Amino acid sequence: MTAGSRRPWCVVGRLGEGRIGLVDVDGSGARDEPVVLPAADLAARVAAREAEDAPRWVWSDTAEWYPALLDAGIRIGRCVDLRLVHAVLRTSQVVREPEPLRAAAAWDVSPEHLAAEPRGDGTLFSLDGSAGSPTSVPDGLEEALAEFDRQRAAAESAAEPGRLRLLLAAESAGALVAAELHAAGMPWDAAEHDRLLREALGPRPHGGQVPVKMAEAAAETRDALDDRTLSLDSPPRLLRALRRAGIDVASTSRWELEAHEHPAIAPLLRYKKLSRLLAANGWWWIDEWVHDGRYRPVYVPAGVVTGRWASSGGGALQIPRQLRPALRADPGWLLVSADVAQLEPRVLAAMAGDAAMAAAGAATDLYAGIVETGVVETRTEAKVAVLGALYGSTTGDSARLVPRLRRTFPDAMRLVDRAAEVGEVGGTVTTWLGRSSPPPDPGWSAAQTSAHLPDASTAEQERAVRAARSRGRFTRNFVVQGTAAEWALAWMADLRLRLARFEPVAAERAARASGPGFDRQAHLAFFLHDEVIVHAPAEQADAAATAILAAADAAGRLLFPGSTVDFPLDLHIAEHAGKA
DNA sequence: ACCTTAAGCGCG
DNA sequence: AAAGCGCGCTTAAGGT
């Protein structure tokens with residue numbers, strides 16, 4: 001390591017032959033000489049620098065570099081994830097000089113290609129040179145340095161660099177959180193899961209047998225439909241049987257069945273519910289996904305176009321609420337669960353500077369606040385109206401109520417209406433911090449163009465209008481969902497650092513071994529769009545709750561300085577997640 | 001026999 | 001009573 005004062009960034013990359021290079025870089029782009037080490041020494045070096053001056057580590061892809069460090073027991077404070085930052089900058093409309101960055105096509109990797117396989121198998125950087133599949137970004141030192149330069153130039157060219165920098169930092173912090181969530185795992189009580197399954201389905205059947213309670217519901221349904229051999233698992237056959245029995249439905253979906261009165265309906269809905277539970281989260285799910293008391297999904301930051309996370313493996317973001325009680329703290333530990341009340345409308349109110357909407361949300365429940373303005377009668381109506389405004393509904397109660405919101409909350413409604421107008425004509429919209437929507441696909445544009453030609457058929461024109469409206473609903477929702485995702489990232493980024501400062505508890509208070517020190521101090525265990533769960537030693541639970549609240553407050557002030565909109569949380573401390 | 005698509009339902 | 005946004009996953013059906 002060269003002597004002298006440290007620079008704030010440390011770029012990491014491979015040099016071939018199993019060596020890693022580290023280069024310190026400062027704000028002017030000045031670099032120190034590279035430090036070269038064997039790959040096996042990286043973890044120790046990173047740990048030393050974290051203790052010494054904690055630089056912001058710059059690397060190609062957190063999912064490639066961080067798991068090995070976590071396995072070695074090392075956590076870092078901050079990073080720049082070049083892959084994620086590239087993806088934001090490449091399409092962001094606020095970047096004024098994106099060309100050099102866009103030309104670096106090697107860095108364009110869609111997240112779905114990265115979701116497939118979990119990383120961090122315990123090997124510290126494979127040395128066989130097998131890296132470099134076409135679905136990964138470059139991991140060499142020189143490439144990282146060059147890309148980092150391009151990214152800084154692009155980011156500095158932004159109309160409001162401050163906001164964009166916030167997004168890039170949040171995005172990178174999210175990548176660290178995702179890797180740490182995987183390393184820590186969700187504390188999952190397989191016995192409780194089994195108990196819930198047996199309660200709903202009956203005892204675990206052997207060898208492909210149908211669980212008793214499912215079989216009972218099926219038999220009841222077949223009786224009521226007077227068809228002893230009907231397969232309930234085939235929608236077309238089930239649909240025909242329903243219609244034969246005089247139930248006039250166009251599909252076998254639950255919402256349509258519920259509208260009809262017939263002895264077959266209740267057992268069929270019961271069957272579908274149980275069948276779904278068994279197929280998606282039955283006993284095989286436990287066998288496949290729960291090991292040593294932990295469920296470890298792979299989180300995919302920015303896996304959704306709006307910037308929301310996706311997940312891969314086990315359906316982490318779709319765990320039914322029914323099974324939430326199986327998310328259970330280790331003995332002597334507690335779960336601190338928090339979700340934001342009405343995050344998206346609050347984000348909209350803040351973005352739009354809508355004082356009336358901010359005021360409606362001031363008393364914890366925004367929907368109740370809307371009822372108090374007199375614009376609608378009930379909380380349910382308020383919720384339906386707001387969701388209609390965010391999603392762009394065109395029919396039903398929701399569409400009927402939205403115009404009233406337009407009178408009461410003109411600023412908020414103008415923002416989403418404007419986003420829809422832009423989308424309908426093929427334009428691009430951008431979130432509060434600077435993530436832009438993707439351009440329309442070529443087929444969409446071609447259809448719009450040809451529908452405007454004089455010889456276009458009526459059917460063609462109608463199709464084009466429907467497609468335009470559909471895209472309008474997408475862009476309408478994009479600005480809100482995307483900004484809400486930014487708020488949530490800022491929340492977690494701040495929370496993660498607060499929790500990392502907690503004192504580890506004594507060894508006899510340790511939880512089951514999991515991740516780098518996560519068995520000794522409060523850590524994030526679950527994230528779902530507007531909700532976090534922290535696993536904490538019992539004596540740290542109150543402090544963790546305080547940290548969660550403080551982080552939410554900080555996120556609000558960071559994104560929307562001076563805004564009167566607040567972001568209240570529903571917070572619970574208990575041994576298990578799920579409704580108290 | 002294999003791969004892709006659509007239906008349906010879980011989550012926010 | 002049941003639409004308007006974004007997803008992942010399992011199953012059956014359809015295409016090759």
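From a predicted model like this one, the values you see are computed outputs, not experimental measurements. Residue numbering restarts at 1 for every chain, and letters A, B, ... go by the order of the sequence lines.
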Cation-pi, A:Trp188 ring and A:Arg328 (6.0 angstrom, 45 degrees): no
Between [options], which nucleotide has the shortest distance from any of its atoms to the side chain of [X]?
X	options	result
A:Pro235	B:dG10, C:dA12, B:dC9	C:dA12
A:Ala259	C:dA2, C:dA3, B:dC9	C:dA2
A:Ser253	C:dA3, C:dA12, B:dC9	B:dC9
A:Thr252	B:dG8, C:dA1, B:dC11	B:dG8

For [X] and [N], what is the distance between atoms [atom1] and [atom2] respectively, to the nearest whole Å?
X	N	atom1	atom2	result
A:Arg240	B:dA7	CZ	P	15 Å
A:Arg254	C:dA3	CZ	C1'	14 Å
A:Leu242	B:dA7	CG	P	17 Å
A:Leu278	B:dC9	CG	P	16 Å
A:Leu257	B:dG8	CG	C1'	11 Å
A:Trp255	B:dA7	CH2	P	13 Å
A:Leu348	C:dG6	CG	C1'	17 Å
A:Arg324	B:dC11	CZ	C1'	8 Å

Might you work through the side chain to side chain contact (heavy atoms under 4.5 Å, CB included) test for A:Ile573 and A:Leu335, ending with a clear yes or no? CA-CA 6 Å; A:Ile573 301 178; A:Leu335 294 179; over 6 Å; no
So which nucleotide does C:dA2 pair with, by the Watson-Crick or G-U wobble rule with both distances under 3.5 Å? none
Going by purine N1 to pyrimidine N3 plus the second Watson-Crick contact, or the G-U wobble pair, all under 3.5 Å, which nucleotide sits opposite C:dT10? B:dA7
What heavy-atom pair brings A:Val479 and A:Thr431 nearest, and what distance separates the two atoms? O-CG2, 4.3 Å
side-chain contact (heavy atoms from CB on, under 4.5 Å) with A:Lys272: of A:Asp233, A:Leu257, A:Leu232, only one passes, and it is A:Leu257
With heavy atoms under 4.0 Å as the rule, sort [X] into base, sugar-phosphate or nothing.
X	value
A:Ser234	sugar-phosphate
A:Arg237	sugar-phosphate
A:Leu528	sugar-phosphate
A:Ser251	sugar-phosphate
A:Ile319	sugar-phosphate

Close N or O pairs between protein and nucleotides 14-16 of chain C (under 3.5 Å):
none

Torsion-based syn/anti label for C:dG4, 90° from 0 as limit: syn
Hey, are [X] and [Y] close enough for a salt bridge, meaning a charged N less than 4.0 Å from a carboxylate O?
X	Y	answer
A:Arg270	A:Glu216	no
A:Asp417	A:Arg414	no
A:Asp287	A:Arg204	yes

Does B:dC9 have OP1 or OP2 under 4.0 Å away from a side-chain N or O of A:Lys272? yes
Would you please classify the geometry between the A:Trp432 ring and the A:Phe560 ring as parallel, tilted or perpendicular, with 30° and 60° separating the classes? tilted
Aromatic ring pairing A:Trp491/A:Trp487, orientation class (parallel under 30°, perpendicular over 60°, tilted between): tilted
Validation row: A:Ile319, A:Trp285 side chains within 4.5 angstrom (heavy atoms): yes
Min side-chain heavy-atom separation A:Phe478-A:Ser436 under 4.5 Å: no
Dump the pairs, protein N or O against N or O of nucleotides 7-10 of chain C, anything under 3.5 Å, distances to one decimal.
unit_1 : atom_1 : unit_2   : atom_2 : d
C:dG8  : O4'    : A:Gln318 : OE1    : 2.9
C:dG8  : O4'    : A:Gln318 : NE2    : 3.1
C:dG8  : N2     : A:Arg276 : NH2    : 3.3
C:dG8  : N3     : A:Gln318 : NE2    : 2.6
C:dC9  : OP1    : A:Gly313 : N      : 2.6

Please figure out whether A:Tyr391 or A:Thr380 has its closest DNA chain C nucleotide nearer the 5' end. A:Thr380
Within 6.0 angstrom of A:Arg404 CZ, more than 12 heavy atoms from elsewhere: yes
Contact residues, residues 463-485 of chain A to DNA chain C [heavy atom, < 4.0 Å]: A:Arg473, A:Phe474, A:Asn477, A:Gln481
Could you go through the side chain to side chain contact (heavy atoms under 4.5 Å, CB included) check for A:Leu197 and A:Trp283 one step at a time? CA-CA 8 Å; A:Leu197 289 177; A:Trp283 288 279; 3.6 Å; yes
